[in-house]
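To start, the structure itself, in structure tokens.
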Amino acid sequence: MPQDWRKLLLSSSGEEMIIGNALRSMTGYGRGEAVGPQGRVITEMKSVNHRFCEVIIRLPRLYLSFEDPLRRLIQTEIRRGRVEVYYTVELESRKVAVKVDKSLAKAYYEALEDLRLFLGLNEPIRLETILTSGQGVLLASECPDEEAWPLLEEATRQALRALVEARETEGKALAEDLKKRVARLEELHRLMLEEAPKVVEHYRARLTERLKSWEVEVSPDRLAAEVALWAERADVTEELVRLEHHLGRLQEILETGGPVGRQIDFLCQEILRELNTLGAKSQSLDLNRLVLEAKGELEKIREQGQNIE
């Protein structure tokens, strides 16, 4: 088992794999193969959506001691998603360790000696008798050869690069779709800004018309006070300002890239909260129509965002 896994995260050229700024999907597949004098190692990786980073490694039992450094190597590039890693190890090089259970050997000897005396035999108890009758006295086990590590590492790096490339390719397509949807949300926000001031005038006109139909006379001051009170309750300026901020932040993180899936999910929750408040406070059919369309676009963004690392 290698002593310092940090050193093993370096390739033979001394370069470390670094997480880039590209937007990545959480799904993908990668394969790597490393060949050496002692044989070959094949690594296959597949990843799916997951809230956190979970790496499941399937190694032959002989090489389980390498599981921890391999997992740490993979986690240098994968920040989110469930990754299943499968290894096919075909190596001739191996070491065998033999252990002697002295306590068990002594117990067998004493039992055999007691039997010899009971039977009245003169022959002494021989070592080969203890070994042949005493199961478990000698224990042989295979130990992984540390020379297997370079092949395990190289095959893992190859598969990891292929997996990351697949995730970035799909992430690019997701980013393009998300940017279009965010642009549409920004357009809807602009229309909301234009519609919001009209709401008060519409309310004034409707109220005046109703009062006329009811043949009720109200002083201009009383009418203005009623409209002002209603306008204060229906004012959506703060919601529109916060909505503009959240949309700007969403556009920013899409441009920045990297592991931003959780940020997208959080912003979608915040944007939905503002849209819900807008819909609740608005008394305009046109403004409500814009809010409903924005919610539809936001839901698609949220669904897509759940696929992003």
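Predicted model, so just to flag it, every value in this text is computed and none were measured.
Within the 4.5 Å cutoff, the side chain of Leu62 has no heavy atoms near those of the Leu91 side chain. In this structure the side chain of Val182 reaches within 4.5 angstrom of the side chain of Glu186, judged on heavy atoms. Taking the side chain as every heavy atom from C-beta outward, Arg167 and Thr27 never approach each other to under 4.5 Å. Using a 4.5 Å cut-off on side-chain heavy atoms (C-beta onward), Trp149 and Leu70 make contact. Inter-residue side-chain proximity for Leu243 and Leu185 is flagged as unmet; no heavy-atom pair is nearer than 4.5 Å. Side chains of Leu191 and Asp286 form no contact here, defined as non-hydrogen atoms less than 4.5 Å apart. For the pair Arg249 and His246, the minimum side-chain heavy-atom distance is 4.5 Å or more. Using a 4.5 Å cut-off on side-chain heavy atoms (C-beta onward), Leu193 and Glu195 make no contact.
The CZ atom of Arg72 sits 11.5 Å away from atom CD of Glu67, with the distance rounded to the nearest 0.5 Å. Distance CG/Leu292 to CG/Leu287: 10.0 Å, rounded to 0.5 Å. Here OG1 of Thr43 is found 7.0 Å from CG of Leu152. Values are rounded to the nearest 0.5 Å. Taking CZ of Phe52 as the start and CZ of Arg262 as the end, the distance is 5.5 Å to the nearest 0.5 Å. In this structure, Asn276 CG and Ile271 CD1 are separated by 12.0 Å, a value rounded to the nearest 0.5 Å. Distance check, rounded to the nearest 0.5 Å: CG of Leu188 to NZ of Lys295 gives 13.0 Å.
Shown here is Ile56, whose CD1 atom has more than 12 heavy atoms of other residues, nucleotides or ligands within 6.0 Å. Atom NZ of Lys46 is surrounded by 12 or fewer heavy atoms from other residues, nucleotides or ligands within 6.0 Å. Taking a 6.0 Å sphere around NZ of Lys172, one finds it holds 12 or fewer heavy atoms contributed by other residues, nucleotides or ligands. Within 6.0 Å of the OH atom in Tyr29, the count of heavy atoms belonging to other residues, nucleotides or ligands exceeds 12. Taking a 6.0 Å sphere around NE2 of His245, one finds it holds 12 or fewer heavy atoms contributed by other residues, nucleotides or ligands. Counting heavy atoms of neighbouring residues, nucleotides and ligands inside a 6.0 Å radius, atom CD of Glu123 does not exceed 12 of them.
Gly39 approaches Leu151 most closely through the heavy-atom pair O-CD1, 3.8 Å. Across Gln263 and Ile253, no two heavy atoms sit closer than the pair OE1-CG2, 3.6 Å. Gly30 and Ala162 make their closest contact through CA-CB, 3.7 Å (heavy atoms, listed as atom of the first residue, atom of the second, distance). Contact detail for Val35 and Arg40: the closest heavy-atom pair is CG2-CB, 3.9 Å. The two residues Leu298 and Cys268 make their nearest non-hydrogen contact at CD2-O, 3.6 Å. The shortest heavy-atom contact between Arg80 and Glu309 is N-OE2, 3.5 Å.
Residues meeting the salt bridge (Lys or Arg N to Asp or Glu O under 4.0 Å) test with Arg31, sequence neighbours left out: Glu33. A search for side-chain hydrogen bond (donor to acceptor under 3.5 Å, both in side chains) contacts involving Arg190 returns Glu187, Glu194, not counting sequence neighbours. Applying the side-chain hydrogen bond (donor to acceptor under 3.5 Å, both in side chains) test to Tyr87 and every residue at least two apart in sequence or in another chain returns Thr156. Partners of Glu244 according to the salt bridge (Lys or Arg N to Asp or Glu O under 4.0 Å) rule, which considers only residues two or more places apart in sequence or in another chain, do not exist here.
Under a 4.0 Å N-O distance rule, the pair Glu297/Arg181 qualifies as a salt bridge. Electrostatic pairing of Glu270 and Arg242 does not count as a salt bridge here, judged by no charged N lying under 4.0 Å from a carboxylate O. A salt bridge links Lys179 to Glu255: at least one charged side-chain nitrogen sits closer than 4.0 Å to a carboxylate oxygen. A salt bridge does not link Glu154 to Arg157: none of the charged side-chain nitrogens sits closer than 4.0 Å to a carboxylate oxygen.
Here the side chain of Ser47 pairs a donor or acceptor atom with the backbone of Gly28 at under 3.5 angstrom. Between the Thr129 side chain and the Ile125 main chain, no donor and acceptor come within less than 3.5 Å of each other. Without hydrogens or angle criteria, Arg71 side chain to Val55 main chain gives a donor-acceptor distance under 3.5 Å.
Side-chain heavy atoms closer than 4.5 Å link hydrophobic residues (I, L, V, M, F, W, Y) into clusters, and following such links, even through other members, never connects Leu160 to Ile42. Linking ILVMFWY residues whenever their side-chain heavy atoms come closer than 4.5 Å, directly or via other members, leaves Leu285 and Met192 in distinct clusters. A single hydrophobic cluster is not seen to contain both Leu267 and Met26; linkage of ILVMFWY side chains at heavy-atom distances under 4.5 Å, directly or through other members, places them apart. Under the 4.5 Å side-chain heavy-atom criterion for Ile, Leu, Val, Met, Phe, Trp and Tyr, Val83 and Leu64 are members of the same hydrophobic cluster.
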- Begin with the C-alpha distance, continue with both residues' side-chain angles, and end with the deciding distance and a verdict on side-chain contact (heavy atoms from CB on, under 4.5 Å) for Glu90 and Val41. CA-CA 6 Å; Glu90 301 172 353; Val41 173; over 6 Å; no

- Going through the distances and angles, do Glu293 and Arg184 end up as a side-chain contact (heavy atoms from CB on, under 4.5 Å)? CA-CA 10 Å; Glu293 184 178 349; Arg184 178 54 184 164; 2.6 Å; yes

- Item | Candidate pair Leu163 and Ile74, rule side-chain contact (heavy atoms from CB on, under 4.5 Å), full reasoning | CA-CA 10 Å; Leu163 176 65; Ile74 294 167; 6.0 Å; no

- I would like to know whether Asp265 and Gln269 meet side-chain contact (heavy atoms from CB on, under 4.5 Å); could you show each step before the answer? CA-CA 6 Å; Asp265 186 61; Gln269 294 178 39; 3.1 Å; yes

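Among pairs with a residue in residues 47-64, those fulfilling salt bridge (Lys or Arg N to Asp or Glu O under 4.0 Å) read Glu54-Arg82, at least two apart in sequence or across chains.
Chaining together hydrophobic side chains whose heavy atoms lie under 4.5 Å apart places Leu115 alongside Phe118, Leu119, Leu121.
At a cut-off of 3.5 Å, with distance as the only test, no side-chain donor of Asn49 or Gln306 sits close to an acceptor on the other residue. A side-chain donor-acceptor contact under 3.5 Å links Glu84 and Tyr86.
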